[in-house]
Engineer: 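I have a structure I would like to understand better, so I am pasting it below and will then ask my questions one at a time.
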Amino acid sequence: MEHTRRNRIVDLLKSKSYGSEVLVKGWVRTKRGNKNINFIALNDGSVVHHIQVVVEVAAYPEDLLKLITTGSCIAVKGILVESVGQEQHVEIQAREIEVYGTADAESYPLQKKGHSLEFLREIAHLRPRTNTFGAVLRIRHAMAFAIHQYFNDQGFYYLHAPIITGSDAEGAGAMFRVSTLDDKNPPLLPGGHVDYSQDFFGKETKLTVSGQLEAELGAMALSLVYTFGPTFRAENSNTPRHLAEFWMIEPEMAFYDIHDDMDLAEDFLKYLIRYALGHCLDDLEFLNKMYDNELISRLKQVVDEKFERLTYTEAVEILKASGQTWEYPVDWGTDLQAEHERYLVEKHFGRPVILTGYPKDIKAFYMKMNEDGKTVRAMDVLFPKIGEIIGGSQREENLEALMKRIHEMNIPEKDVWWYLDTRKFGTAPHAGFGLGFERLILFVTGMANIRDVIPFPRTPKNAEF
RNA sequence: UCCUCCUUAGCUCAGUUGGUUAGAGCAUCUGACUGUUAAUCAGAGGGUCGCUAGUUCAAGUCUAGCAGGGGGAGCCA
């Protein structure tokens with residue numbers, strides 16, 4: 001086949017250039033027909049829909065057509081024509097067919113019938129070829145792009161926080177060690193502990209659990225920054241909402257207080273969901289039909305409604321007055337459980353909720369204390385079905401107040417001297433938040449398990465592919 | 001990590017109070033069919049019942065351990 005530019009199927013399905021010659025390349029989903037005519041459903045990943053290729057059997061060698069099975073990869077040159085069938089507007093009358101790669105029908109695991117998501121996780125190397133994962137991966141891309149678009153439009157700068165870190169200052173969870181020492185015979189200190197001064201970085205290093213502290217350093221110079229990168233937590237979490245390797249977006253804004261922080265979080269989430277509705281409707285309609293009939297209406301509702309804002313203290317009062325029986329009792333000073341958050345979002349308010357003013361003892365050291373001396377300027381955005389999708393706060397910018405919290409919480413000063421320097425030199429009020437990227441994708445796609453919204457999930461006991 | 005459920009053909013699942021050769025749909029293969037829409041119709045092949053022990057005359061079925069997976073919870077994003 002001569003070298004010609006490939007037409008994307010997404011473009012051809014919208015085209016009205018009947019009679020023109022086109023070239024498509026993609027993977028066969030089904031082939032059906034009789035001894036005179038064959039129909040091939042071809043997909044190239046550019047859109048959830050397939051294009052129908054019509055083949056006059058007599059015009060091709062039998063051996064060639066035999067190779068075209070579900071999963072095989074082919075190139076087709078032909079004429080774009082108006083379809084006489086009911087299910088599609090256009091189709092391609094094949095003139096020339098080349099088989100790039102066969103797929104043995106006996107052993108190719110994907111069939112034209114649907115598969116369970118659990119089975120597809122076991123063949124994650126092939127699942128991008130399904131309608132479901134095509135849709136999820138296109139939406140995931142669109143959301144990543146929209147995040148950069150939003151922040152760029154708002155005057156933020158993309159700051160690349162390090163992935164390898166020498167400090168565990170945020171205490172966000174167990175960490176993975178990064179080392180080049182000989183694992184069979186590491187250098188030891190007299191006490192028997194491993195001597196990390198001989199390791200690659202001259203100290204013990206880990207994979208990051210958060211880019212926030214580095215983002216704060218950036219905000220103290222560029223005013224508005226955000227990070228967007230992989231994050232690693234070595235927690236033994238086995239739930240449909242946790243990954244050991246996930247992606248997180250962490251904006252950090254100088255001169256923002258907690259209210260500015262909430263305004264940004266709400267506007268940001270609504271922008272992203274609006275973007276999905278505007279750019280990914282084909283994929284959303286597919287997911288709405290196959291997995292979650294309320295997906296699109298729920299997305300539209302979130303875009304249209306104002307998020308409910310209230311304090312932790314008010315939330316505790318509502319929960320206590322609810323008359324519900326809880327597995328975990330509601331008591332001022334303890335963290336809210338999943339059942340409490342779900343009640344507020346799904347039953348009491350029926351819309352996204354932003355909670356603020358949490359007790360200081362259940363939140364991180366860097367959060368700014370309120371005047372009451374008991375609560376901090378934290379904010380959590382709670383979404384239906386997902387729970388906490390965003391966690392953020394106004395940061396403590398006063399050096400003495402921050403030092404007091406660091407001592408109270410036994411954080412080694414030598415690990416965070418650089419962080420403290422920002423409060424020593426030209427400190428400024430500032431705030432920020434973290435958005436779990438996969439949790440956003442869960443909400444936007446309506447998928448139920450976080451392992452199905454990332455190409456190759458890493459979870460306890462699973463690092464295949 | 002805790003609680004709970006599950007593991008039978010390539011996939012999704014039946015399988016009765018323990019009892020001969022373990023079934024179905026789809027997929028695959030063969031054939032039929034002049035435009036199909038997850039095509040249809042006919043036929044065929046396909047199983048170490050997750051693994052290991054145990055109870056029993058007899059285990060897919062009962063018991064225990066292990067492995068893998070789902071759901072809920074905790075940790076969190």
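First the proteins, then the strands, lettered A, B, ... as listed; each starts at 1. Just the heavy atoms: all of them, side chains too, but no hydrogens, waters or symmetry mates, feed the values below.
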Engineer: In whole angstrom, give the distance that lies between atom NZ of Lys112(A) and atom P of G25(B).
Structural biologist: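 Distance check: Lys112(A) NZ to G25(B) P gives 17 Å.
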Engineer: Can you work out whether Leu336(A) or Phe437(A) has the more 5'-proximal nearest nucleotide on RNA chain B?
Structural biologist: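 First, find each residue's nearest nucleotide; the 5'-ward one identifies Leu336(A).
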Engineer: Dot-bracket for RNA chain B, 5' to 3', with Watson-Crick and G-U pairs under 3.5 Å, [ ] for crossing pairs and | for other-strand pairs: what is it?
Structural biologist: (((((((..((((.....[...)))).(((((.......))))).....(((((..]....))))))))))))....
Engineer: Mind telling me whether Tyr343(A) and Trp326(A) have parallel, tilted or perpendicular rings, with 30° and 60° as the class edges?
Structural biologist: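 Because their plane-to-plane angle is over 60°, the rings of Trp326(A) and Tyr343(A) count as perpendicular.
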Engineer: In this structure, how many angstroms lie between the C1' atom of G35(B) and the CD1 atom of Ile92(A), rounded?
Structural biologist: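 These atoms are roughly 16 Å apart.
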Engineer: Choosing from U28(B), C11(B), A73(B), which nucleotide comes nearest the side chain of Phe119(A)?
Structural biologist: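 Output: C11(B).
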Engineer: Would you mind checking if Arg395(A) and Asp261(A) are paired as a salt bridge, meaning a charged N to carboxylate O distance below 4.0 Å?
Structural biologist: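 Judged by the 4.0 Å cut-off on N to carboxylate O distance, Asp261(A) and Arg395(A) do not form a salt bridge.
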Engineer: With a cut-off of under 6.0 Å to the ring centre and 45° to the axis, is Lys360(A) in cation-pi contact with Phe365(A)?
Structural biologist: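 No - Lys360(A) does not lie over the ring of Phe365(A) by the 6.0 Å and 45° rule.
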Engineer: Among U28(B), G74(B), C11(B), which is the nearest nucleotide to the side chain of Glu106(A)?
Structural biologist: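 Closest nucleotide among those given: U28(B).
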Engineer: Over 60° means perpendicular and under 30° means parallel, so tell me whether Tyr275(A) and His279(A) are parallel, tilted or perpendicular.
Structural biologist: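 Rings of Tyr275(A) and His279(A): parallel, under 30°.
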Engineer: Side chains of Asp331(A) and Thr334(A): is there a donor and an acceptor less than 3.5 Å apart?
Structural biologist: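 Note: Asp331(A) and Thr334(A) side chains miss the donor-acceptor criterion.
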Engineer: When you check the phosphate oxygens OP1 and OP2 of G74(B), does a side-chain N or O of Gln337(A) lie under 4.0 Å from one of them?
Structural biologist: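 It does, given that an N or O in the side chain of Gln337(A) lies less than 4.0 Å from OP1 or OP2 of G74(B).
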Engineer: To the nearest Å, give me how far apart CD (Gln212(A)) and C1' (C76(B)) are.
Structural biologist: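 Checked: the CD to C1' distance equals 14 Å.
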Engineer: Indicate whether OP1 or OP2 belonging to G69(B) is found under 4.0 Å from a side-chain N or O atom of Arg451(A).
Structural biologist: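 No, because none of the side-chain N or O atoms of Arg451(A) sits under 4.0 Å from OP1 or OP2 of G69(B).
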Engineer: Respond yes when some side-chain nitrogen or oxygen of Ser237(A) is under 4.0 Å from OP1 or OP2 of C75(B), and no when none is.
Structural biologist: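 For C75(B), OP1/OP2 do not have a side-chain N/O of Ser237(A) under 4.0 Å.
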Engineer: For Phe151(A) and Phe268(A), I'd like to know if the aromatic rings sit close, meaning centre-to-centre distance below 6.0 Å.
Structural biologist: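 Centroid separation for Phe151(A) and Phe268(A): below 6.0 Å.
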Engineer: Between G35(B) atom C1' and Glu87(A) atom CD, what is the distance in whole Å?
Structural biologist: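 Between C1' of G35(B) and CD of Glu87(A): 13 Å.
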Engineer: Does the side chain of Asn449(A) get closer than 4.0 angstrom to OP1 or OP2 of G71(B) through an N or O atom?
Structural biologist: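 Checking G71(B) against Asn449(A), a side-chain N or O does come within under 4.0 Å of OP1 or OP2.
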Engineer: Arg342(A) CZ to G72(B) P: how many Å, rounded?
Structural biologist: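 Rounded to whole Å, this separation is 8 Å.
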Engineer: If every non-hydrogen atom of Ala276(A) is compared with every non-hydrogen atom of Leu284(A), which pair is closest and at what distance?
Structural biologist: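 Result for this residue pair: O-CD1, 3.6 Å.
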Engineer: Nearest-Å distance, CD (Glu438(A)) to C1' (C76(B))?
Structural biologist: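 Spelled out: CD on Glu438(A) to C1' on C76(B) is 14 Å.
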Engineer: Measure the distance from CG on Asn462(A) to P on A67(B) and round it to the nearest whole Å.
Structural biologist: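 Rounding to the nearest Å, CG of Asn462(A) and P of A67(B) are 16 Å apart.
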Engineer: Does atom NE2 of His148(A) have more than 12 heavy-atom neighbours from other groups under 6.0 Å away?
Structural biologist: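 Enclosed.
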Engineer: Quick one, which residues of residues 32-64 of chain A touch RNA chain B with a heavy atom under 4.0 Å?
Structural biologist: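 Correct list: Arg32(A), Gly33(A), Asn34(A), Lys35(A), Asn36(A), Ile37(A), Phe39(A), Gln52(A).
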Engineer: Classify the ring geometry of Tyr312(A) against Tyr358(A): parallel below 30°, tilted from 30° to 60°, perpendicular beyond 60°.
Structural biologist: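 Taking Tyr358(A) first and then Tyr312(A), their aromatic rings sit tilted (interplane angle of 30° to 60°).
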